[in-house]
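Worksheet: the structure to be examined is printed underneath.
Heavy-atom basis, side chains included; hydrogens, waters and symmetry copies ignored. On a predicted model such as this, the values are computed, not experimentally measured, just so you know.
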Amino acid sequence: MNFEALQNFDIQVIKQENSFDKIRVDKSNLVDLLSFLKNNAEFDFDTLLSLIAIDLKDSFELIYCVYSTKLNTQRQISVLLDRNLPKVNSIVDVYKSAYFDECEIYDLFGINFENNPDLKRLFMPKGWIGNPLRKDYIADDSRLAWNEVKNA
Amino acid sequence: MNVIISSIDFIYNWGRSNSIWPMTFATSCCGIEMMQTSAANFDIARFGSEVFRATPRQADLLICAGTITHKMAPAMLKLYQQMPEPKYVIAMGACTCGGGMFTDSYSVVKGIDKVIPVDIYLPMCPPTPAALLDAIIKLQKKIRKETILNRKKYIDAHVSTLKLDEESEILIKDSGINIQYWGVSGDLSDEL
């Protein structure tokens with residue numbers, strides 16, 4: 001893959017064993033980079049395979065897996081987020097299928113996606129407290145009858 | 001008077017205990033064992049329970065076969081409330097008895113007895129068809145000991161103390177209900 005074409009976006013290439021090279025980018029350049037990769041004929045990444053969030057204890061990492069159906073190539077774009085105030089620009093304008101992925105990550109990790117058309121909880125009930133897939137999550141909601149034993 | 005009531009009880013309980021119609025309520029892998037129990041090899045029809053009803057309004061027994069999550073619990077409570085009295089519940093499998101291997105999970109209800117009253121606990125992962133038949137036989141023994149004089153007490157005991165909060169979609173405690181004696185006919189020690 002020709003990384004030199006991406007130098008405008010201030011990228012950093014991370015080698016991974018037994019896998020594709022990961023492209024680390026700052027969150028301010030994320031939407032520009034993805035729309036460039038999607039629309040440029042040289043890369044032509046037309047599909048978003050998945051959107052992964054990882055809790056690294058001191059920060060969050062988001063990994064966008066993109067795929068080109070014409071060239072049969074695959075890449076991972078990675079963003080690091082501040083743990084105390086995790087927010088990033090939504091990519092729904094670039095890949096429409098990212099909407100449900102972003103709702104899921106908002107639900108389970110509490111990461112805010114700005115400019116998402118309708119960000120809401122996808123799996124957990126509406127009034128749920130906390131984000132269950134964070135490493136420091138503790139299930140101690142006293143409204144639930146099955147947590148009584150733990151509280152006593 | 002006692003002679004009349006006990007003979008009515010005998011006929012009434014004989015009829016009920018030999019035609020316990022379960023509801024089709026299989027939420028995960030225990031449901032496969034429940035299907036096998038109703039198939040030819042184990043043949044639940046020998047005990048009069050072969051009629052799996054697809055609606056709670058025609059069912060006597062809720063065999064809760066599988067994990068119940070927070071989002072499924074309100075649906076299960078609604079189905080239970082729609083069943084006509086007299087109604088019974090078998091908690092089938094380790095997940096429904098106490099959470100099983102999902103006890104530490106954020107999404108699983110830690111035992112369905114926190115939501116609805118349970119008559120028979122059947123903890124295995126998953127229970128074999130023979131074990132489910134054993135649970136049904138134990139339930140039959142329990143039904144045969146009931147008397148129509150205690151009818152109101154049984155009905156009172158089958159009320160859930162939880163209700164669904166429409167705003168938050170979470171089952172919360174219903175402060176209007178204070179009944180604590182679930183499973184009044186639980187004295188089985190001499191039979192089992």
Side-chain angles (χ1 to χ4, degrees), chain A residues 50-63 81 83-84 86 99-113 116-152, chain B residues 27 64 66-78 80-81 89 91 93-118 121 159-180 182-183:
Chain A
S50 60
L51 176 49
I52 303 164
I54 304 170
D55 190 348
L56 298 173
K57 289 195 174 173
D58 50 346
S59 61
F60 289 115
E61 183 178 14
L62 283 177
I63 298 176
L81 300 178
R83 194 191 165 89
N84 297 320
Y99 170 71
F100 286 107
D101 293 326
E102 290 182 354
C103 285
E104 179 183 346
I105 288 173
Y106 168 74
D107 186 359
L108 299 175
F109 282 91
I111 295 174
N112 271 311
F113 290 89
N116 187 305
D118 184 17
L119 199 60
K120 63 187 178 194
R121 281 188 181 270
L122 194 60
F123 294 134
M124 306 306 291
K126 270 186 224 157
W128 195 262
I129 296 174
N131 307 101
L133 285 191
R134 285 194 180 194
K135 292 284 183 197
D136 55 358
Y137 175 77
I138 303 164
D140 58 352
D141 191 348
S142 59
R143 292 175 301 167
L144 302 174
W146 35 90
N147 280 338
E148 262 178 345
V149 181
K150 215 176 254 183
N151 296 339
Chain B
T27 42
C64 186
T67 321
I68 296 297
T69 56
H70 291 310
K71 291 202 105 173
M72 191 66 198
M76 183 184 64
L77 180 60
K78 192 175 240 178
Y80 179 76
Q81 285 167 343
V89 174
C95 302
T96 54
C97 289
M101 65 189 217
F102 304 112
T103 311
D104 295 331
S105 167
Y106 59 89
S107 62
V108 173
V109 174
K110 296 161 184 64
I112 61 164
D113 54 358
K114 305 281 199 306
V115 184
I116 57 176
V118 175
Y121 293 90
V159 178
S160 175
T161 53
L162 301 181
K163 66 175 178 186
L164 178 64
D165 184 21
E166 296 288 345
E167 271 184 26
S168 66
E169 295 181 339
I170 290 174
L171 281 176
I172 57 170
K173 276 162 218 140
D174 191 348
S175 53
I177 297 171
N178 288 317
I179 297 154
Q180 296 298 327
W182 283 1

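Judged by distance alone, with hydrogens and angles left aside, the side-chain atoms of B/K71 form a donor-acceptor pair with the main-chain N or O of A/F123 at under 3.5 Å.
In plain terms, the two heavy atoms of B/E169 and A/K126 that are nearest each other are OE1-N, 3.2 Å. Across B/I170 and A/P125, no two heavy atoms sit closer than the pair CG1-CB, 3.9 Å.
Neither the backbone nor the side chain of A/I129 comes within contact range of chain B, judged by heavy atoms closer than 4.5 Å.
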Determine, stepwise, if the pair A/L108 / B/Y106 fulfils side chain to side chain contact (heavy atoms under 4.5 Å, CB included). CA-CA 11 Å; A/L108 299 175; B/Y106 59 89; 4.1 Å; yes
Using the rule given for side chain to side chain contact (heavy atoms under 4.5 Å, CB included), can you reason through A/W128 versus B/H70, listing the C-alpha separation, both sets of side-chain angles and the distance that settles it, and then say yes or no? CA-CA 10 Å; A/W128 195 262; B/H70 291 310; 3.3 Å; yes
